[in-house]
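Worksheet for the structure shown next.
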Amino acid sequence: MPELPETETIARDLDGAIRGRKITKVSVRKADVLRGVTARALAKSLRNATIVRSWRRAKLVVLDLDTGDRLVVQPRFTGALLIDDGGFTGPELSYSTLRLELDDGRSLHYADVRRLGTVALMNAKRFDEYSRMLGIEPLDRAFTAKHLSAVLRATSQPVKKVLMEQRKIAGIGNIYANEALWRARIDPSRPAASVSLEEAKLLRASIVGVLEAAIEARGTSFRDYRDARGKRGSFVEKLEAYGRGGLPCRRCGHKLVSTHAIDGRATTLCVTCQR
DNA sequence: AGGGGAACCCGTACGC
DNA sequence: TGCGTACGGGTTCCCC
(Lines give C-alpha, C1' and ligand atoms only; values in the text may rest on other atoms or scores of the structure.)
Protein backbone atom coordinates (compact mmCIF):
# COMPACT_ATOMS: atom_id res chain seq x y z
CA MET A 1 0.00 0.00 0.00
CA PRO A 2 2.12 2.80 -1.21
CA GLU A 3 1.78 5.85 1.02
CA LEU A 4 4.16 8.81 0.93
CA PRO A 5 7.46 6.98 1.67
CA GLU A 6 6.79 4.16 -0.79
CA THR A 7 5.65 6.53 -3.54
CA GLU A 8 8.68 8.73 -2.89
CA THR A 9 10.96 5.71 -3.23
CA ILE A 10 9.40 4.70 -6.55
CA ALA A 11 9.54 8.25 -7.91
CA ARG A 12 13.21 8.70 -6.93
CA ASP A 13 14.18 5.33 -8.41
CA LEU A 14 12.49 6.20 -11.67
CA ASP A 15 14.04 9.66 -11.78
CA GLY A 16 17.48 8.10 -11.57
CA ALA A 17 16.69 5.30 -13.97
CA ILE A 18 14.65 6.79 -16.79
CA ARG A 19 14.95 10.60 -16.69
CA GLY A 20 15.75 11.75 -20.21
CA ARG A 21 14.54 8.56 -21.86
CA LYS A 22 12.24 8.76 -24.85
CA ILE A 23 9.17 6.54 -25.12
CA THR A 24 9.24 4.58 -28.36
CA LYS A 25 6.20 2.35 -28.01
CA VAL A 26 3.10 2.15 -25.81
CA SER A 27 1.09 -1.04 -25.15
CA VAL A 28 -2.07 -1.07 -23.04
CA ARG A 29 -3.12 -4.52 -21.86
CA LYS A 30 -5.75 -3.54 -19.29
CA ALA A 31 -7.40 -0.27 -20.18
CA ASP A 32 -9.59 -0.21 -17.04
CA VAL A 33 -6.74 1.33 -15.03
CA LEU A 34 -6.86 4.43 -17.26
CA ARG A 35 -8.71 7.53 -16.09
CA GLY A 36 -9.88 10.32 -18.38
CA VAL A 37 -7.98 8.98 -21.36
CA THR A 38 -8.51 6.12 -23.80
CA ALA A 39 -5.80 3.60 -24.59
CA ARG A 40 -5.59 5.00 -28.10
CA ALA A 41 -5.25 8.62 -26.98
CA LEU A 42 -2.70 7.68 -24.31
CA ALA A 43 -0.56 5.83 -26.85
CA LYS A 44 -0.70 8.76 -29.24
CA SER A 45 0.27 11.29 -26.56
CA LEU A 46 3.11 9.22 -25.10
CA ARG A 47 4.77 7.96 -28.26
CA ASN A 48 7.95 9.90 -28.94
CA ALA A 49 7.57 11.89 -25.71
CA THR A 50 10.61 12.23 -23.44
CA ILE A 51 10.39 11.73 -19.68
CA VAL A 52 12.03 14.84 -18.23
CA ARG A 53 11.44 14.17 -14.53
CA SER A 54 9.89 11.69 -12.11
CA TRP A 55 8.64 13.02 -8.78
CA ARG A 56 5.99 12.57 -6.12
CA ARG A 57 2.93 14.52 -5.00
CA ALA A 58 0.80 13.01 -2.19
CA LYS A 59 0.64 9.28 -3.01
CA LEU A 60 1.06 9.89 -6.74
CA VAL A 61 4.04 9.16 -8.96
CA VAL A 62 4.23 11.95 -11.54
CA LEU A 63 6.18 11.61 -14.78
CA ASP A 64 6.71 14.99 -16.45
CA LEU A 65 6.92 14.80 -20.23
CA ASP A 66 8.57 17.21 -22.65
CA THR A 67 5.15 17.63 -24.29
CA GLY A 68 3.89 19.46 -21.19
CA ASP A 69 1.67 16.53 -20.19
CA ARG A 70 2.07 14.58 -16.99
CA LEU A 71 1.53 10.86 -16.52
CA VAL A 72 0.01 10.52 -13.05
CA VAL A 73 0.07 7.07 -11.44
CA GLN A 74 -1.80 6.22 -8.27
CA PRO A 75 -0.70 2.69 -7.25
CA ARG A 76 -3.31 2.28 -4.46
CA PHE A 77 -2.80 -1.21 -3.02
CA THR A 78 -1.11 -3.48 -5.48
CA GLY A 79 0.15 -1.18 -8.21
CA ALA A 80 3.87 -1.13 -9.08
CA LEU A 81 6.01 0.76 -11.57
CA LEU A 82 8.64 -1.72 -12.65
CA ILE A 83 11.68 -1.26 -14.84
CA ASP A 84 12.32 -4.19 -17.15
CA ASP A 85 15.97 -4.37 -18.18
CA GLY A 86 15.08 -7.24 -20.50
CA GLY A 87 14.90 -9.94 -17.86
CA PHE A 88 11.13 -10.01 -17.45
CA THR A 89 9.53 -13.31 -18.40
CA GLY A 90 5.97 -14.64 -17.92
CA PRO A 91 5.41 -14.15 -14.17
CA GLU A 92 6.69 -10.57 -14.02
CA LEU A 93 4.62 -9.62 -17.03
CA SER A 94 1.37 -11.31 -16.07
CA TYR A 95 -0.04 -8.31 -14.21
CA SER A 96 1.34 -5.63 -16.49
CA THR A 97 -1.45 -3.27 -17.52
CA LEU A 98 0.66 -0.75 -19.39
CA ARG A 99 4.08 -0.99 -20.99
CA LEU A 100 6.21 1.93 -22.14
CA GLU A 101 9.15 0.86 -24.27
CA LEU A 102 12.12 3.22 -23.98
CA ASP A 103 14.79 4.27 -26.43
CA ASP A 104 17.52 2.38 -24.54
CA GLY A 105 15.81 -0.98 -24.92
CA ARG A 106 14.31 -1.06 -21.43
CA SER A 107 10.61 -0.89 -20.60
CA LEU A 108 8.59 0.70 -17.83
CA HIS A 109 5.56 -1.34 -16.77
CA TYR A 110 2.62 -0.33 -14.66
CA ALA A 111 1.69 -3.69 -13.07
CA ASP A 112 -1.30 -4.06 -10.78
CA VAL A 113 -2.73 -7.37 -9.52
CA ARG A 114 -6.07 -6.00 -8.36
CA ARG A 115 -6.22 -3.02 -10.68
CA LEU A 116 -7.63 -0.55 -8.18
CA GLY A 117 -4.71 1.71 -9.01
CA THR A 118 -5.10 4.33 -11.72
CA VAL A 119 -3.14 5.95 -14.53
CA ALA A 120 -4.10 9.38 -15.84
CA LEU A 121 -2.64 11.74 -18.40
CA MET A 122 -3.07 15.39 -17.48
CA ASN A 123 -2.05 18.63 -19.11
CA ALA A 124 -0.46 21.26 -16.88
CA LYS A 125 -3.74 23.03 -16.17
CA ARG A 126 -5.58 19.90 -15.20
CA PHE A 127 -2.73 18.69 -13.00
CA ASP A 128 -2.63 22.04 -11.20
CA GLU A 129 -6.37 21.88 -10.57
CA TYR A 130 -6.04 18.38 -9.20
CA SER A 131 -2.99 19.20 -7.10
CA ARG A 132 -4.74 22.23 -5.64
CA MET A 133 -7.40 19.91 -4.20
CA LEU A 134 -4.74 18.05 -2.24
CA GLY A 135 -3.48 19.15 1.16
CA ILE A 136 -0.06 20.26 2.31
CA GLU A 137 2.99 18.04 1.89
CA PRO A 138 4.05 16.94 5.39
CA LEU A 139 7.74 17.13 4.45
CA ASP A 140 7.35 20.72 3.22
CA ARG A 141 8.73 23.53 5.40
CA ALA A 142 5.27 25.05 5.52
CA PHE A 143 3.98 22.04 7.46
CA THR A 144 4.52 23.61 10.86
CA ALA A 145 2.95 22.75 14.22
CA LYS A 146 0.79 25.85 13.83
CA HIS A 147 -0.43 24.70 10.44
CA LEU A 148 -1.20 21.22 11.74
CA SER A 149 -2.90 22.66 14.79
CA ALA A 150 -5.14 24.83 12.61
CA VAL A 151 -6.11 21.80 10.50
CA LEU A 152 -6.95 19.79 13.61
CA ARG A 153 -8.83 22.59 15.38
CA ALA A 154 -11.26 22.85 12.46
CA THR A 155 -13.01 19.54 13.10
CA SER A 156 -14.19 17.20 15.83
CA GLN A 157 -13.49 14.11 13.68
CA PRO A 158 -11.09 11.54 15.14
CA VAL A 159 -7.54 12.84 14.83
CA LYS A 160 -6.43 9.70 12.97
CA LYS A 161 -9.07 10.17 10.29
CA VAL A 162 -8.01 13.79 9.79
CA LEU A 163 -4.35 12.80 9.33
CA MET A 164 -5.45 10.51 6.50
CA GLU A 165 -7.60 13.08 4.68
CA GLN A 166 -5.71 13.85 1.49
CA ARG A 167 -7.41 17.21 1.08
CA LYS A 168 -5.95 18.32 4.39
CA ILE A 169 -2.57 16.59 4.56
CA ALA A 170 -1.25 14.69 1.55
CA GLY A 171 0.42 11.30 1.61
CA ILE A 172 -0.41 9.81 5.01
CA GLY A 173 -2.34 6.53 4.92
CA ASN A 174 -3.34 3.98 7.51
CA ILE A 175 0.14 2.66 8.36
CA TYR A 176 1.85 6.00 9.00
CA ALA A 177 -1.19 7.51 10.75
CA ASN A 178 -1.03 4.64 13.25
CA GLU A 179 2.73 5.02 13.63
CA ALA A 180 2.76 8.80 14.03
CA LEU A 181 0.04 8.69 16.71
CA TRP A 182 1.87 5.97 18.60
CA ARG A 183 5.05 8.06 18.52
CA ALA A 184 3.17 11.15 19.69
CA ARG A 185 1.34 9.18 22.43
CA ILE A 186 -2.01 10.45 21.18
CA ASP A 187 -5.16 8.30 21.19
CA PRO A 188 -6.27 8.02 17.51
CA SER A 189 -9.96 8.33 18.44
CA ARG A 190 -9.61 11.73 20.13
CA PRO A 191 -11.50 14.59 18.51
CA ALA A 192 -8.94 16.42 16.37
CA ALA A 193 -9.93 19.74 17.95
CA SER A 194 -8.94 18.45 21.38
CA VAL A 195 -5.27 18.20 20.36
CA SER A 196 -3.41 21.09 21.99
CA LEU A 197 -0.74 23.18 20.27
CA GLU A 198 1.82 21.48 22.48
CA GLU A 199 0.59 18.07 21.35
CA ALA A 200 0.48 19.25 17.72
CA LYS A 201 4.19 20.09 17.98
CA LEU A 202 4.95 16.54 19.05
CA LEU A 203 2.57 15.09 16.44
CA ARG A 204 4.16 17.13 13.64
CA ALA A 205 7.61 15.92 14.67
CA SER A 206 6.30 12.35 14.86
CA ILE A 207 4.77 12.52 11.39
CA VAL A 208 7.93 13.98 9.85
CA GLY A 209 10.16 11.58 11.81
CA VAL A 210 8.32 8.43 10.80
CA LEU A 211 7.99 9.47 7.14
CA GLU A 212 11.68 10.31 6.87
CA ALA A 213 12.74 7.08 8.57
CA ALA A 214 10.46 5.09 6.27
CA ILE A 215 11.89 6.78 3.17
CA GLU A 216 15.36 5.91 4.49
CA ALA A 217 14.22 2.25 4.73
CA ARG A 218 12.72 2.43 1.22
CA GLY A 219 9.20 2.02 2.54
CA THR A 220 7.04 -0.59 4.25
CA SER A 221 6.30 -3.83 2.40
CA PHE A 222 3.56 -5.23 4.57
CA ARG A 223 2.12 -7.27 1.73
CA ASP A 224 2.35 -6.15 -1.85
CA TYR A 225 4.48 -3.04 -2.10
CA ARG A 226 7.54 -3.27 -4.35
CA ASP A 227 9.91 -0.54 -5.54
CA ALA A 228 10.81 0.09 -9.20
CA ARG A 229 13.31 -2.79 -9.06
CA GLY A 230 10.70 -5.16 -7.65
CA LYS A 231 12.34 -5.10 -4.18
CA ARG A 232 10.64 -4.84 -0.81
CA GLY A 233 11.05 -1.92 1.60
CA SER A 234 12.39 -2.76 5.06
CA PHE A 235 10.43 -0.41 7.32
CA VAL A 236 8.04 -3.21 8.34
CA GLU A 237 10.74 -4.21 10.86
CA LYS A 238 10.54 -0.77 12.45
CA LEU A 239 6.75 -0.56 12.81
CA GLU A 240 5.69 0.03 16.41
CA ALA A 241 1.89 -0.08 16.08
CA TYR A 242 0.56 -1.13 12.67
CA GLY A 243 0.16 -4.90 12.46
CA ARG A 244 1.27 -5.40 16.08
CA GLY A 245 -2.14 -5.87 17.73
CA GLY A 246 -1.87 -8.20 20.75
CA LEU A 247 1.90 -7.75 20.93
CA PRO A 248 3.58 -5.77 23.73
CA CYS A 249 4.04 -2.02 23.35
CA ARG A 250 7.76 -1.43 22.93
CA ARG A 251 7.50 1.62 25.20
CA CYS A 252 5.52 0.35 28.18
CA GLY A 253 5.08 -3.40 27.67
CA HIS A 254 1.28 -3.40 27.75
CA LYS A 255 -0.56 -5.28 25.01
CA LEU A 256 -1.43 -3.21 21.94
CA VAL A 257 -5.13 -3.14 21.05
CA SER A 258 -6.57 -3.34 17.52
CA THR A 259 -9.97 -1.95 16.56
CA HIS A 260 -11.93 -1.00 13.47
CA ALA A 261 -13.89 1.68 15.31
CA ILE A 262 -12.46 4.66 13.41
CA ASP A 263 -13.79 4.95 9.86
CA GLY A 264 -13.80 1.17 9.58
CA ARG A 265 -10.02 1.09 9.25
CA ALA A 266 -7.59 -1.07 11.20
CA THR A 267 -6.29 0.97 14.12
CA THR A 268 -3.69 -0.30 16.60
CA LEU A 269 -2.77 1.61 19.73
CA CYS A 270 -1.42 1.36 23.23
CA VAL A 271 -4.27 2.38 25.54
CA THR A 272 -1.76 2.87 28.34
CA CYS A 273 0.58 5.36 26.76
CA GLN A 274 -1.62 6.91 24.06
CA ARG A 275 -3.99 9.42 25.66
C1' DA B 1 -20.99 21.19 5.00
C1' DG B 2 -20.45 16.79 6.60
C1' DG B 3 -21.63 11.93 6.85
C1' DG B 4 -22.86 7.40 4.89
C1' DG B 5 -22.53 4.06 1.42
C1' DA B 6 -21.48 2.09 -3.06
C1' DA B 7 -18.30 1.19 -6.69
C1' DC B 8 -13.89 -0.06 -8.40
C1' DC B 9 -10.97 -5.22 -8.57
C1' DC B 10 -9.34 -9.80 -7.61
C1' DG B 11 -6.24 -12.72 -4.51
C1' DT B 12 -6.81 -14.67 -0.22
C1' DA B 13 -9.13 -16.67 3.59
C1' DC B 14 -12.70 -19.17 5.17
C1' DG B 15 -16.96 -22.13 5.40
C1' DC B 16 -19.21 -26.17 3.94
C1' DT C 1 -10.39 -31.60 -2.32
C1' DG C 2 -13.34 -28.44 -4.51
C1' DC C 3 -16.50 -24.88 -4.81
C1' DG C 4 -18.75 -20.66 -3.41
C1' DT C 5 -18.64 -16.46 -0.88
C1' DA C 6 -17.00 -12.69 2.08
C1' DC C 7 -13.45 -9.47 2.72
C1' DG C 8 -10.06 -5.81 2.26
C1' DG C 9 -8.31 -1.31 1.03
C1' DG C 10 -7.87 4.43 -0.89
C1' DT C 11 -10.36 7.32 -3.50
C1' DT C 12 -14.24 9.12 -5.91
C1' DC C 13 -18.85 9.95 -6.48
C1' DC C 14 -23.60 10.10 -5.32
C1' DC C 15 -27.18 10.95 -2.08
C1' DC C 16 -29.09 12.55 2.25
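As a basis for the values below, the full set of heavy atoms in this structure was taken, side chains included, without hydrogen atoms, waters or symmetry mates.
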For T78(A) against V113(A), the heavy-atom pair lying closest together: OG1-N, 3.6 Å
Separation of atom CG in N174(A) from atom P in dG9(C), rounded to whole Å: 7 Å
Under-4.0 Å side-chain N/O to phosphate OP1/OP2 contact, Y95(A) with dG11(B): yes
Salt bridge flag under 4.0 Å for residues K125(A) and E129(A): yes
Non-hydrogen atoms of L14(A) and S54(A) that approach each other most closely: CB-OG, 3.5 Å
R40(A), CZ: over 12 other non-hydrogen atoms inside 6.0 angstrom: no
Rounded distance (Å) that lies between atom P of dG4(B) and atom CD1 of I262(A): 13 Å
Nucleic acid contacts - residues 112-122 of chain A versus DNA chain C, non-hydrogen atoms under 4.0 Å: R114(A), L116(A)
Straight-line distance of L256(A) CG to T267(A) OG1, nearest 0.5 Å: 12.5 Å
What's touching nucleotides 11-13 of chain C from the protein side, N or O pairs under 3.5 Å?
{"unit_1": "dT11(C)", "atom_1": "OP1", "unit_2": "K59(A)", "atom_2": "NZ", "d": "3.4"}
{"unit_1": "dT11(C)", "atom_1": "OP2", "unit_2": "K59(A)", "atom_2": "NZ", "d": "3.2"}
{"unit_1": "dT12(C)", "atom_1": "OP1", "unit_2": "Y130(A)", "atom_2": "OH", "d": "2.9"}

Considering all heavy atoms, the nearest R185(A)-R251(A) contact: NH2-CD, 3.3 Å
Atom pair distance, as rounded to whole Å: CD in E6(A) and P in dG9(C): 15 Å
Any residue meeting side-chain contact (heavy atoms from CB on, under 4.5 Å) with R53(A), in chain and number order, not counting sequence neighbours: D15(A), R19(A), W55(A), D64(A)
Steps toward salt bridge (charged side-chain N to carboxylate O under 4.0 Å, His left out) verdict (D13(A), R218(A)): CA-CA 10 Å; D13(A) 281 1; R218(A) 302 183 56 78; 2.6 Å; yes
